[in-house]
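This structure is a prediction, so every number in the text was calculated from the model and none was measured. Numbered from 1 within each chain, the chains take letters A, B, ... in sequence-line order.
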Amino acid sequence: QKEVEQNSGPLSVPEGAIASLNCTYSDRGSQSFFWYRQYSGKSPELIMSIYSNGDKEDGRFTAQLNKASQYVSLLIRDSQPSDSATYLCAVLILTGGGNKLTFGTGTQLKVEL
Amino acid sequence: DGGITQSPKYLFRKEGQNVTLSCEQNLNHDAMYWYRQDPGQGLRLIYYSQIVNDFQKGDIAEGYSVSREKKESFPLTVTSAQKNPTAFYLCASSRDRGYNEQFFGPGTRLTVL
């Protein structure tokens, strides 16, 4: 089982719809969770951080965390073509050598006109 | 204007050559990281440093070396011992190696000729 798993997609949604991106993780001790957006050929950009169960909203983005079920999700409301990118889920995992940020392989989102 | 810079943006290496990738940050962050990204794979940690003059191996350190002589700088050398160095190399920094967010530089794309 991978430490952080995401559906690779592509996930296609029409403009104006809600895009829902999901991520599961294996380490129950994980405390910190992040979503990065990566445009093709560019570096990842941090868009959301979440540390406690529940929802966290920032503009059109909502991150949801459920530690009991070991999943974290990202909702994008009113999706725009500019949201088309790969979204990386990252989880801070405790290891013998300290904390390690582990990334999923990403979900490609396509917002269609 | 705070941020992380990486140079060069593109780098071509001949077989048997060592090359050094530059990473500089002016965010006053203690921790710095090097990742490698290959198509269809998540980011993989090469090396990290929590403080000046100290660094640790990540998951895929073989064939790479680093130094951390200044807080602002964390150069990565790709040696001839790295058998498959063609990849997108990303430098990141965080306030410390706790649960803080990591921020990425623009990346260096290395190609072996």
Show which side-chain atoms of residues 82-89 of chain B pair as donor or acceptor with protein atoms under 3.5 Å away, not counting sequence neighbours.
residue: B:Gln82; atom: OE1; partner: B:Asn84; partner atom: N; Å: 3.1
residue: B:Gln82; atom: NE2; partner: B:Glu62; partner atom: O; Å: 3.0
residue: B:Thr86; atom: OG1; partner: B:Val112; partner atom: N; Å: 3.0
residue: B:Tyr89; atom: OH; partner: B:Tyr64; partner atom: OH; Å: 2.8
residue: B:Tyr89; atom: OH; partner: B:Pro85; partner atom: O; Å: 2.8

Count I, L, V, M, F, W, Y as connected when their side-chain heavy atoms are under 4.5 Å apart, and connections chain through other members. Are A:Val72 and A:Ile47 then in the same cluster? yes

I'd like to verify something: which residue of A:Gly41, A:Pro44, A:Gly104, A:Gly106 has the highest number of heavy-atom pairs under 4.5 Å with chain B? A:Pro44

For A:Ser82, check side chain to side chain contact (heavy atoms under 4.5 Å, CB included) against everything at least two apart and list the hits. A:Gln80

Under 4.5 Å from any heavy atom of chain A - which part of B:Arg44: neither

In terms of heavy-atom proximity below 4.5 Å to chain A, should B:Leu43 be classed as side chain, backbone, both, or neither? both

Closest heavy-atom pair and its distance - B:Pro106, A:Ser43: CA-OG, 3.7 Å

Please check if B:Leu90 and B:Tyr47 belong to a single hydrophobic cluster, counting links between Ile, Leu, Val, Met, Phe, Trp and Tyr side chain heavy atoms closer than 4.5 Å. no

A:Lys110, NZ: over 12 other non-hydrogen atoms inside 6.0 angstrom: no

Are A:Leu75 and A:Leu65 in one and the same hydrophobic cluster, where Ile, Leu, Val, Met, Phe, Trp and Tyr link if side-chain heavy atoms are under 4.5 Å apart? no

When every non-hydrogen atom of A:Thr105 is compared with those of B:Gly42, the smallest separation belongs to CG2-N, 3.6 Å

Nearest 0.5 angstrom please: B:Ser94 OG to A:Leu92 CG, how far? 9.0 Å

ILVMFWY network linking B:Leu21 to B:Tyr48, side-chain heavy atoms under 4.5 angstrom: no

Test side chain to side chain contact (heavy atoms under 4.5 Å, CB included) on A:Tyr36 and B:Gln102; report intermediate values, then the result. CA-CA 10 Å; A:Tyr36 288 82; B:Gln102 291 186 19; 3.6 Å; yes

Under 4.5 Å from any heavy atom of chain B - which part of A:Leu101: both

Name each donor-acceptor pair under 3.5 Å that joins a side chain in residues 9-17 of chain B to protein atoms two or more places apart or in another chain, with its distance.
residue: B:Arg13; atom: NE; partner: B:Gln17; partner atom: O; Å: 3.2
residue: B:Arg13; atom: NH1; partner: B:Gln17; partner atom: O; Å: 3.2
residue: B:Arg13; atom: NH1; partner: B:Thr79; partner atom: O; Å: 3.0
residue: B:Gln17; atom: OE1; partner: B:Lys14; partner atom: N; Å: 3.0

Say whether B:Phe104 and B:Leu27 are linked into one hydrophobic cluster, either directly or through other cluster members, by side-chain heavy-atom distances under 4.5 angstrom. yes

Sort by residue number and list every member of residues 28-38 of chain B having a non-hydrogen atom under 4.5 Å from chain A. B:Tyr35, B:Gln37

Applying a strict 4.5 Å limit to non-hydrogen atoms, the region of A:Gln108 in contact with chain B is neither

